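As the structure is a computational prediction, the values presented were derived from the model and not from experiment. For the numbers below, each heavy atom of this structure counts, side chains included, while hydrogens, waters and symmetry mates do not.
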Number of protein chains: 2
Amino acid sequence: MKSKSVERDLSPEKTEAILDGAMQEFLEHGYAAARIDKIAVAAGVSKATIYRRFPDKESLFTGLMQQLACKKELFNSTQLQSAQGDVTAFLKSLANKMLNNVADDPQVLTFLRIIIGESGRFPELARAFVQNIEKPILEAMTQYLASHPELELPDPEVAARAFMGTLIHFVILRDVLHSGDIVPMERDRLVDQLVKLIIK
Amino acid sequence: MKSKSVERDLSPEKTEAILDGAMQEFLEHGYAAARIDKIAVAAGVSKATIYRRFPDKESLFTGLMQQLACKKELFNSTQLQSAQGDVTAFLKSLANKMLNNVADDPQVLTFLRIIIGESGRFPELARAFVQNIEKPILEAMTQYLASHPELELPDPEVAARAFMGTLIHFVILRDVLHSGDIVPMERDRLVDQLVKLIIK
DNA sequence: GTCTATAAACAGATAGAC
DNA sequence: GTCTATCTGTTTATAGAC
């Protein structure tokens, strides 16, 4: 009665190693081009050991990605931690934290590529990402903006979307699509003017 | 002296059929999971006929996608055709046209998935997309906003990015990531309030 | 120039030894 | 429970016939 569902006396260390290796391989090559063989090598186990815990390649992929889509740490480290200070300063610092978070971490970019790239074949994965990552951020932003009536925002929810959408679009162009030089935009300028646009 | 570079007396009809079949297959399955076999069947030719014009799978893929990334018709059918009427009405109609364009055409969504999903392995493809699609739209938007000084926009370029970013983010959440029900937002409401946010 | 048939390599999944 | 060796089906790419 101490085993959870299917897993039964399987070495947790190897399971962890497999998930690590799978993450590396899937993030680097995507689903279709990822090789079970490579995952086994990276994890330091045999393929049979992988197939003892995961029925097939697809299960390994979805299991891993669903797990990743819940790790909020990956994204919003600082989720509206302290709504102190004036609104302008707070929004700027929030935007900067979000941009730093992806700029520093290439894995976050790769993760975004996979989520969007595989959203046609793995819609549930995309939905889990939105449910666990995007939705909480949007709701917190809306809440924050709505709690400041002096801003006189006619629609805080749309304002939150504009804020997030502008930043994400910026990241997609600059970092995901490698086009920071094609459509150049100073990061500080974007943040400053975006905040002005929202709160004025 | 009438052949262009490598192509030499190859049936243009079959080349066209191959590109059509390749588009179907690549858009549906992505690069790695696409099968040359399927492309040949869809095009009504043999695999050898494909390999006579394209050295390998990768060339076929990049050639096709680069071509697609130039077909602006796919996207902004109406590119600021007539800047007539008041600014509010014009921006709303522009936003609606953009949203209609992707809502109606699942191929556009699939194309976006591929561009982003493969941007790690095919950075030049991503850059071609930005150069030919995103950049012209952003520049035209900036130009339009800047040509209306009565709006008193401190930074038309950032305003244009906010406008585009909000709409694209909306499309990504609702259509690309299949999450319109998780983070619901009435389309007309978003457009109306977004325009207000920009021009007021 | 195009097709049929095939080569050659590979990848997902498993049987059986330990 | 884990590994080695292998099976089975598949896939890119090409050689050779027409």
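Residues forming a salt bridge (Lys or Arg N to Asp or Glu O under 4.0 Å) with A:E16 (at least two apart in sequence, or on another chain): none. For B:S119, the side-chain hydrogen bond (donor to acceptor under 3.5 Å, both in side chains) test picks out A:R113, with sequence neighbours left out.
Distance alone, capped at 3.5 Å, is enough to place a donor-acceptor pair between the B:E25 side chain and the B:R35 backbone. Put simply, the side chain of A:R161 never gets that close to the backbone of B:T166: no donor and acceptor are under 3.5 Å apart.
Other residues, nucleotides and ligands place no more than 12 heavy atoms under 6.0 Å from the CD atom of A:E152.
The distance from atom CG of B:D37 to atom C1' of D:dT10 is 9 Å, rounded to the nearest whole Å. Atom NZ in B:K47 sits about 13 Å away from atom P in D:dT10, given to the nearest Å. Distance NZ (B:K38) to P (D:dT12): 10 Å, rounded to an integer number of Å. At whole-Å resolution of the value, CD1 in B:I36 and P in D:dT12 are 5 Å apart. Atom CG of B:L60 and atom P of D:dT11 are 16 Å apart (whole Å).
Each of B:K57 and B:R52 has a nearest nucleotide on DNA chain D; the 5'-most of these lies closest to B:K57.
Seen from the ring of B:Y31, B:K57 counts as a face-on cation partner, given the 6.0 Å and 45° thresholds.
Considering only the side chain of B:R35, D:dT11 comes nearest among D:dT14, D:dA13, D:dT11.
Among the protein residues, B:A34 comes within range of the sugar-phosphate backbone only, with heavy atoms under 4.0 Å from sugar or phosphate atoms but none that close to a base. Within 4.0 Å of B:K14, counting heavy atoms only, lie sugar-phosphate atoms of the nucleic acid but no base atom.
An OP1 or OP2 oxygen of D:dT14 is reached within less than 4.0 angstrom by no side-chain nitrogen or oxygen of B:Y51.
Reading DNA chain C from its 5' end, the first and the last nucleotide to sit under 4.0 Å from a heavy atom of chain B are C:dG1 to C:dT4.
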